[in-house]
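It should be emphasised that the depicted structure is a prediction, and the values quoted were computed from it without experimental measurement. Counting starts at 1 for both ligands and their atoms, following the listed order.
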Amino acid sequence: MAPQGSQAELEFGGPLGAAALLLLLPATMFHLLLVARSGPARLLGPPPYLPELEELWSPWALLLCLTWLGLQAALYLLPARKVAEGQELKDKSRLRYPINGFQALVLTALLVGLGVSAGLPLSALPEMLLPLAFAATLTAFIFSLLLYLKALVAPASALAPGGNSGNPIYDFFLGRELNPRICSFDFKYFCELRPGLIGWVLINLALLMQEAELRGSPSLAMWLVNGFQLLYVGDALWHEEAVLTTMDIIHDGFGFMLAFGDLAWVPFTYSLQAQFLLYHPEPLGLPLASVICLINAVGYYIFRGANSQKNTFRKNPSDPRVADLETISTATGRRLLVSGWWGMVRHPNYLGDLIMALAWSLPCGVSHLLPYFYLLYFTALLVHREARDEQQCLQKYGLAWRAYCRRVPYRIVPYIY
Ligand SMILES: NC(=O)C1=CN([C@@H]2O[C@H](COP(=O)(O)OP(=O)(O)OC[C@H]3O[C@@H](n4cnc5c(N)ncnc54)[C@H](OP(=O)(O)O)[C@@H]3O)[C@@H](O)[C@H]2O)C=CC1
Ligand SMILES: CC(C)CCC[C@@H](C)[C@H]1CC=C2C3=C(CC[C@@]21C)[C@@]1(C)CC[C@H](O)C(C)(C)[C@@H]1CC3
């Protein structure tokens, strides 16, 4: 049995690490936003200047940010094509989740399309990125504070395995409650997939439109970055149910890390390549563009194949698509796949995701390190995530997990790592 509450091993360097990340993550996001629009675009140098509060704070940006959250919340509440059940909780119950994320994406696209044809100046959005990021950070901070307070009155069975150390900074950062809800509105599930991911592709689109205004038409590089990332977001929302088996939903509490990650970090840093291209146009020929498309397709094939194989297997191990795969039994009754994608490395889905991350940076050329920030950050995130997952699986499956590790020795990249 995993240790709970204050006895659980502290992650992210404990309270000190959490306090440092509380400051470092927003600072990095603002650094990237400032550097992307500067001439030298130096990832590792100092920011071109330090913005004054007037440049960051705008009541209009806050209003826009809250309207966006309100719109996505309204779309979340619309009737869903399906209601899915989550994994079994400590008290043996299962929560229910609406599966209508893709519908929200399509309806948002329709609304934005209507707005633009009625004169909505979407291409003005890139000029507002700094105050919008500030408003999103402020919203995430206040929201996390409310979540922390809400958890004070939550029953012990509703608390996450981590995030309840008793140290307020650590617990605020990691999140105390596992699935904070008001009635059937699940805040973590809502934030993980909707406002941030859809916001990200909307920012990308606005950058594409501004490039078209500036240069007559969007560049091929900008089309590729927009297309690849739209595919990624569309795929996440199409396979929305799969998020119910991720570490974030099953294990992590909902605190500043995920609230800031979902609402601010994803839309404003994941759109970095498109931001870079607006200010640093990169000529791209068709032969190189085709190679980059091929890299993205290979990454997507591995990512989707691996994620779908595991989800199908976890939902129904006798499904004909996975029934022939080799498995090993564990003491919990759940089995582990040891052939197919999951027999190649222990995290084939991470490998596919990383290959796609490379394809998103390549259209920006190799003259700057900045567009490769996502690839570097993502490698660090996935290596750390893999180690956390490994720890959790060892606790869950014990000897069977060790047998799996012997059978499949590489973690993410075959024969390398
Ligand atoms: N773009 C981004 O910023 C991010 C993207 N991601 C992506 O999210 C996706 C989900 O990632 P994440 O939640 O970290 O982890 P995974 O989807 O890899 O899930 C890990 C879990 O899968 C199960 N599992 C592991 N090995 C096996 C096996 N051999 N057979 C069957 N089940 C197995 C275990 O849970 P159990 O046995 O309990 O089912 C384990 O805890 C990934 O594709 C990742 O790339 C993740 C983070 C950030
Ligand atoms: C701000 C910090 C550095 C950490 C925050 C991490 C979060 C940004 C990520 C944690 C797990 C995520 C996932 C996705 C987006 C990023 C975050 C929230 C995901 C929704 C992206 C789309 C994928 O298809 C997915 C598998 C659904 C992802 C699930 C995990």
Side-chain angles (χ1 to χ4, degrees), residues 12 21-22 24-26 28-29 87-88 101 140 173-174 188-189 191-194 196-197 200 229 231-252 255-270 299-300 302-315 317 322 325-328 330 332-357 360 374 377-378 380-382 384-397 400-401 404-405 407-408 411-412:
F12 298 96
L21 285 171
L22 269 174
L24 209 64
L25 290 172
T28 306
M29 183 183 73
Q87 301 281 298
E88 197 175 84
F173 180 75
L174 234 73
K188 186 166 63 170
Y189 174 69
C191 289
E192 180 96 355
L193 283 173
R194 319 285 180 110
L197 285 190
W200 168 21
Q229 297 184 350
L231 169 73
Y232 189 69
V233 170
D235 172 89
L237 293 164
W238 184 259
H239 297 98
E240 189 177 19
E241 201 175 334
V243 86
L244 298 178
T245 57
T246 59
M247 189 192 291
D248 314 66
I249 300 289
I250 297 177
H251 181 269
D252 292 339
F256 183 80
M257 180 179 78
L258 277 183
F260 173 77
D262 293 338
L263 302 178
W265 183 261
V266 166
F268 297 102
T269 65
Y270 285 27
Y300 179 72
I302 300 176
F303 167 82
R304 181 49 33 229
N307 276 328
S308 293
Q309 195 168 71
K310 175 164 69 78
N311 290 327
T312 308
F313 180 71
R314 278 286 171 253
K315 268 196 344 212
V322 291
L325 293 174
E326 226 183 307
T327 61
I328 50 176
T330 75
T332 63
R334 278 156 90 85
R335 285 184 286 146
L336 290 167
L337 289 165
V338 287
S339 67
W341 288 115
W342 297 81
M344 187 172 85
V345 283
R346 300 206 292 273
H347 275 95
N349 47 354
Y350 289 4
L351 175 66
D353 225 339
L354 283 169
I355 296 174
M356 282 191 285
W360 300 353
Y374 178 74
Y377 137 82
F378 199 41
L381 180 113
L382 291 184
H384 178 243
R385 202 170 161 96
E386 194 278 335
R388 290 179 76 209
D389 189 51
E390 196 87 355
Q391 225 22 58
Q392 286 163 25
C393 286
L394 197 57
Q395 272 170 3
K396 257 188 292 188
Y397 301 126
W401 185 258
Y404 176 49
C405 294
R407 173 86 187 250
V408 184
R411 297 160 194 263
I412 302 179

Which residue supplies the protein heavy atom nearest to [atom], what is that atom called, and how far is it?
atom                    : result
atom 14 (C) of ligand 2 : E192 OE2, 4.3 Å
atom 10 (C) of ligand 2 : D248 OD2, 3.2 Å
atom 6 (C) of ligand 2  : L381 CD1, 4.2 Å
atom 23 (C) of ligand 2 : Y232 OH, 3.7 Å
atom 25 (C) of ligand 2 : A236 CB, 4.6 Å

Donor-acceptor contact below 3.5 Å, side chain [X] vs main chain [Y]:
X    : Y    : answer
R335 : T330 : no
E326 : V338 : no
S308 : G305 : no
H251 : M247 : no
W200 : Y270 : yes
T245 : A242 : yes
S339 : G343 : no

* Asked: For atom 18 (C) of ligand 2, is the nearest protein heavy atom closer than 4.0 Å?
  ->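 Neighbour list for atom 18 (C) of ligand 2 includes protein heavy atoms (cut-off 4.0 Å).
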* Return yes when at least one protein heavy atom is under 4.0 Å from atom 30 (C) of ligand 2, and no when none is. =>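 True for atom 30 (C) of ligand 2.
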Using a 4.0 Å heavy-atom threshold (strictly under), name the region of [X] that reaches ligand 2: side chain, backbone, both or neither.
X    : result
L25  : side chain
F378 : neither
V266 : side chain
D262 : side chain

* Asked: Any idea which of N307, L193, T245, L24 brings a heavy atom closest to atom 20 (C) of ligand 2?
  ->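 Minimum heavy-atom distance to atom 20 (C) of ligand 2 goes to L193.
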* Asked: Looking at F303, which atoms of ligand 2 are within less than 4.0 Å of one of its heavy atoms?
  ->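 Taking each heavy atom of F303 in turn, ligand 2 has 24 (O) under 4.0 Å.
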* Asked: Taking only residues two or more places apart in sequence or in another chain, which ones pass side chain to side chain contact (heavy atoms under 4.5 Å, CB included) with E88?
  ->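 Checked E88 against side chain to side chain contact (heavy atoms under 4.5 Å, CB included); matches are K92, R94.
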* Only one of W360, Y232, W265 passes ring-ring contact (aromatic ring centres under 6.0 Å, His included) with Y374; say which it is. =>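 Option passing the ring-ring contact (aromatic ring centres under 6.0 Å, His included) with Y374: W360.
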* Asked: For R388, which residues count as a salt bridge (Lys or Arg N to Asp or Glu O under 4.0 Å) partner, sequence neighbours excluded?
  ->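 Scan of R388 (salt bridge (Lys or Arg N to Asp or Glu O under 4.0 Å), adjacent residues dropped) gives E11, D252.
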* salt bridge (Lys or Arg N to Asp or Glu O under 4.0 Å) involving D248 - partner list, sequence neighbours excluded ->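 Counting only residues at least two positions away or on another chain, D248 forms a salt bridge (Lys or Arg N to Asp or Glu O under 4.0 Å) with R385.
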* Asked: Does NZ in K315 sit with more than 12 non-hydrogen atoms of other residues, nucleotides or ligands closer than 6.0 Å?
  ->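 It does not: K315 NZ has 12 such atoms or fewer within range.
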* So which protein residues pack against ligand 1 under 4.0 Å, heavy atoms counted? ->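 Lining ligand 1 at under 4.0 Å, by heavy atoms, one finds Y232, T246, M247, Y270, F303, N307, K310, R314, R334, L336, L337, W342, H347, N349, Y350, D353, Y374, F378, L381, R385, D389, C393, K396, Y397, W401, Y404.
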* Does some non-hydrogen atom of R385 fall short of 4.0 Å from ligand 2? ->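 Under 4.0 Å: yes for R385.
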* **Beyond-backbone contact of R411 with V345, side-chain heavy atoms, under 4.5 angstrom** =>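 R411 does not reach V345 side chain to side chain.
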